[in-house]
Structures are given as structure tokens and as C-alpha cells.
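Worksheet: one structure, shown below.
Every heavy atom of this structure was used, including side-chain atoms; hydrogens, water molecules and symmetry mates were not. Just follow the structure's listing: the first ligand is 1, and inside any ligand the first atom is 1.
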Amino acid sequence: MNAFENAQEQLKRAAAVAPIDPTLLNSLTVPEREVTVSIPVVMDDGSTRFFEGYRVQYSSARGPYKGGIRYHPQADINEVRALALWMTLKCAVAGMPMGGGKGGVVVDPKKLSRGELERLSRGFVGRLHLILGPEIDVPAPDMNTTPEIMAWMNDEYAKITGDKRGATFTGKPLDKGGSEGRSLATGMGGFFVFEALKNKLGLPAQMSIIIQGMGNVGGNAAKILQSEGHRIVAISDSQGGIMDESGLDIPAVEAYKKAHGSLKGFSAEAGRPSAREISNAELLELSCDVLVPSALENQITKENAPRIKAKVVLELANGPTTPEADDILFARGIPVIPDILANAGGVIVSTFEWEQNLKGEHWAESAVFTKLRNILSKEAGGVWQRAQALKTDLRRAAFVVALERLVK
Ligand code: NAD
């Protein structure tokens, strides 16, 4: 099944445990609008290449469409549809006054120069500006899209439309209207959700943690969890992973990745005899208290779910667990804290950024994180209670909470 079929299957499963308005469910089988664009980019060698891009505007029931833009060589319309549907549910479960959308461009950004990347990002806005805007659709970063890319897009939007409020793109750098705390927000939000649920889940005070993906989300989650006294025993990027039972020094791992471009060779470096290299497939199946997928969809499937040894899965990536794998993990007593709750910190702080831009305000980081913690502690508690009442898993419960808010 592709990611969109998985997302639709999750909807059906949630609707089977609670009475959900059938008209709403029908409305969520297709997006309200989707646009495919071809973006011409003059390359450094003078040639022109055309990149395919998408924006899917799934639901505006609760407010302007909101959701990131992904740059990835395997980006495709079904993936973007799935991500846009999950955004719709995520904004609802987080109680944000936002709808759901998502964008993607089929590109390997590592193969573009900085200038080519800037022209591509500006070109994306050139093609789509008519359907973007603070009251219409507010994109944000996702995989391979950075604050700098958001700044280029924001600038291009202002040039084309004359709207200088800076509220059309979130995840911007601080000096370009970004919010304090935005770059840490998804990892921090995951931590707040985890803190709210860890006692209910029967987890120990000090935990062993495995993280797949070391980008904005996984890298920051690793730093936050380590600074809270937990042991990060394995972490990976797209090239593979490293593990060390005694705990990895995350700032050292990060410095190594920055210097060498990947984690390869880290464990062979002098002074780290207990570290070793592992594949991404192996990493998912190691014993630990908490497994934190923070990269791509479809990582925990019916094939590897029977071998997952984590006590709990905290989904910071979108869609890392397939519906069949959900059932296997539920039957094995391994709770999955679902993406639409666990990684909602990003969109919550993006919404704060949008609000600050519209009001011309700039909030302190402490204020941002206090608001974020309050929202996520409350919503995580609500989803937990709903799961208990419905005798179901946390994903179905989170979907039910979101769907009921969408009906309203
Ligand atoms: P990113 O581009 O900053 O980092 C992605 C990381 O995943 C990189 O370290 C990359 O090397 C790694 N990766 C890619 N393919 C992999 C593979 N096959 N196996 C292991 N690692 C792999 O992206 P990000 O913003 O950190 O997003 C990661 C996930 O979190 C995505 O699912 C995204 O949709 C989700 N998410 C992001 C945000 C956000 O605010 N950035 C918010 C909510 C959810």
C-alpha cells in the first residue's frame, strides 16, 4: 500500500471504533484541491531543467491549509496526499485553527548548488503564489527544506504579491520573522508528549532510546532526550547508523556528521571501542525502551513488526508505521504514540509564528515552550483517556479526537 492508502486505512479503522459523521469521512477521501506544477530552473551550466512539484490542500474545515514542503527524489503525489491528510488530523488533534496541506518537489537537493536550490524554491512560489497566503495556505519546512529555503520562499511571495507581513511561510530564520523555538519545536513537542505519557506507559525514569533519522527532528530529539538524562544507544541517517550500548555522545556524533557528511567511520574513530556501525533495518529491531522513527514513512511494516523489541514507539516521523504493523504491535503490547500527536510540536510553533507575524509580535522562547508544553500535555492526556475509554490504540483514539473536532 502507498502512504495515502495507509492513511485512508487508518481513517477507516478509527471510524470503526467510534461513531463518526459519514459525510465528514466522505469528504476526507479526496483533497479539496491539488495542484501539480512544473518549475523551470536555470542551472549553473546555463541549461534549464524542469522539476515537478505538488501542493495538496486537503481540508480547510478548521482554517487555512497548513503543512510543510518536502524536497525528495522519491516525492510523489500519493505521499503528499497522505502527508496533507495527516496534517489535517494533526492540526485538529493539537487544537490549532488550521486546516491541512502539504507540498513536495521531486528533487535531490544534495545534487543542486545553493544558487540552483534558491531558484527552485523561488520558482515553486512563482507557480503557486495564487493559492498561498496567510488566510489561504501557510507552508512550512519538512524533509530537506530549511529555514533558509523558507526565507527565500517568503521573500519571493512578498515580491510577487506585495504582502510583507511574512505570515505565508513559517519555519523562517529568526531574523526573517521566524519564531523562537521553531527549529527545536518538533523534537521538543515529542519530548513533551512523551513526558505526559511516560508514567502511564510504565517506562523507567532513565531510558535507552533509539532514533532513526538525524535531521531537524531526529537530531534535535536526540539532543533533548540526552540532556534529560536518557541514553541514546543508536541513531542513523540515510546512509546507515551507529550504536553504542553505553550511550552515544550526541554532540560528538553531530560534529562527526557535519565534518564527514554521514556517520560512516564514526565507530572506528579512536576512543569509541564500544560503538559499531549498523544498518537502518537492524537499528529498528534493537532492544530499547523507546524507538523513535524520525525519517520516512513505512519503516515499521508487517515484516519487521514481529521483531521490534522496543517497549514503546514514539513516532516523530510522519507515517512510519503501516496499519498492519500497528495491529501487530498492539497485539504484542507495544504502544505506538502516533505521529499526529507526537510530532505536532512543529505545526503548533508554526502556528505561533503565523500568529506573531500577523500581530507584529515576537515571543520569548520560554513563552513559546510553556505554551507548547501546556497544549501537548493536555492533548496527550485527552488522547490517552480516549484510548482507555474506547479500549483501542493511541492512533485510533487520536484520529477519533481529530475527526470529532473536524465535524464540529
Ligand atoms: P530532515 O531532512 O531534516 O532529516 C531527515 C533525516 O532522515 C536525515 O538525517 C536523513 O539522513 C534521514 N533519512 C532519510 N532517509 C532515511 C532512511 N531511509 N533511513 C534512515 N534515515 C533516513 O527532515 P525532518 O524535518 O527531520 O523530517 C523527518 C520526519 O519528520 C519526516 O517524516 C517529516 O515529515 C517529519 N516531521 C517533520 C517536522 C518538522 O518540523 N521538520 C514536523 C513534523 C514531522
What I want to find out is whether [X] reaches [Y] closely enough, with some N-O distance under 4.0 Å, to be called a salt bridge.
X      : Y      : result
Arg332 : Asp393 : no
Arg165 : Asp163 : yes
Asp44  : Arg119 : yes

Is [X] close to ligand 1, meaning an N/O of one under 3.5 Å from an N/O of the other?
X      : result
Ser236 : no
Gly218 : no
Gly215 : yes
Leu83  : no
Asn318 : yes
Asn216 : yes
Lys90  : no
Lys257 : no

- Note on the structure: When every non-hydrogen atom of Thr48 is compared with those of Pro40, the smallest separation belongs to CG2-CB, 4.1 Å
Winner among [options] once heavy atoms are compared against [atom]:
atom                    : options                        : answer
atom 38 (C) of ligand 1 : Asn144, Val217, Thr146         : Val217
atom 19 (N) of ligand 1 : Ile348, Asn343, Leu284, Asn280 : Asn280
atom 31 (C) of ligand 1 : Gly68, Ser350, Ala295, Gly213  : Ala295

[X] and [Y]: side chain donor to acceptor below 3.5 Å:
X      : Y      : value
Gln10  : Trp86  : yes
Ser350 : Arg182 : yes
Ser274 : Asp244 : yes

Checking [X] side chain against [Y] main chain: does a donor-acceptor pair fall under 3.5 Å?
X      : Y      : value
Arg405 : Val93  : yes
Trp354 : Pro134 : yes
Gln8   : Leu28  : yes

Counting non-hydrogen protein atoms only, what is the nearest one to [atom]? Give residue, atom name and distance.
atom                    : answer
atom 30 (O) of ligand 1 : Leu316 O, 3.5 Å
atom 9 (O) of ligand 1  : Met214 N, 3.0 Å
atom 33 (C) of ligand 1 : Asp142 OD1, 3.2 Å
atom 28 (C) of ligand 1 : Ser294 O, 3.3 Å
atom 27 (O) of ligand 1 : Met143 CG, 3.5 Å
atom 39 (C) of ligand 1 : Thr186 OG1, 3.5 Å

- The single option from Ile337, Ile210, Ile300 passing side chain to side chain contact (heavy atoms under 4.5 Å, CB included) against Val313: Ile300
- Checking heavy atoms under 4.0 Å, the part of Gln212 that sits near ligand 1 is side chain
- Task: Between Glu297 and ligand 1, find which residue part has any heavy-atom pair under 4.0 Å and reply side chain, backbone, both or neither.
- Result: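 Neither; nothing of Glu297 gets under 4.0 Å from ligand 1.
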- Message: For the OG atom of Ser59 and the CG atom of Leu24, what is their distance to the nearest 0.5 Å?
- Response: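 Interatomic distance, Ser59 OG to Leu24 CG, rounded to 0.5 Å: 8.0 Å.
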- Item | Sub-4.0 Å heavy-atom contact, Arg70 with ligand 1 |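 Contact check Arg70 vs ligand 1: positive.
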Output the list of atoms in ligand 1 that are nearer than 4.0 Å to some heavy atom of [X], sorted by atom number.
X      : answer
Asp237 : 9 (O), 11 (O), 20 (C), 21 (N), 22 (C)
Leu296 : 15 (N), 18 (N)
Arg182 : 40 (O)

Less than 3.5 Å apart, which donor and acceptor atoms pair up between the side chains of residues 185-198 and the rest of the protein, not counting sequence neighbours?
| unit_1 | atom_1 | unit_2 | atom_2 | d |
| --- | --- | --- | --- | --- |
| Thr186 | OG1 | Gly346 | N | 3.4 |
| Glu195 | OE2 | Lys198 | NZ | 3.0 |

- Item | Pairwise side chain to side chain donor-acceptor pair (under 3.5 Å) hits with a residue in residues 365-377, at least two apart | none
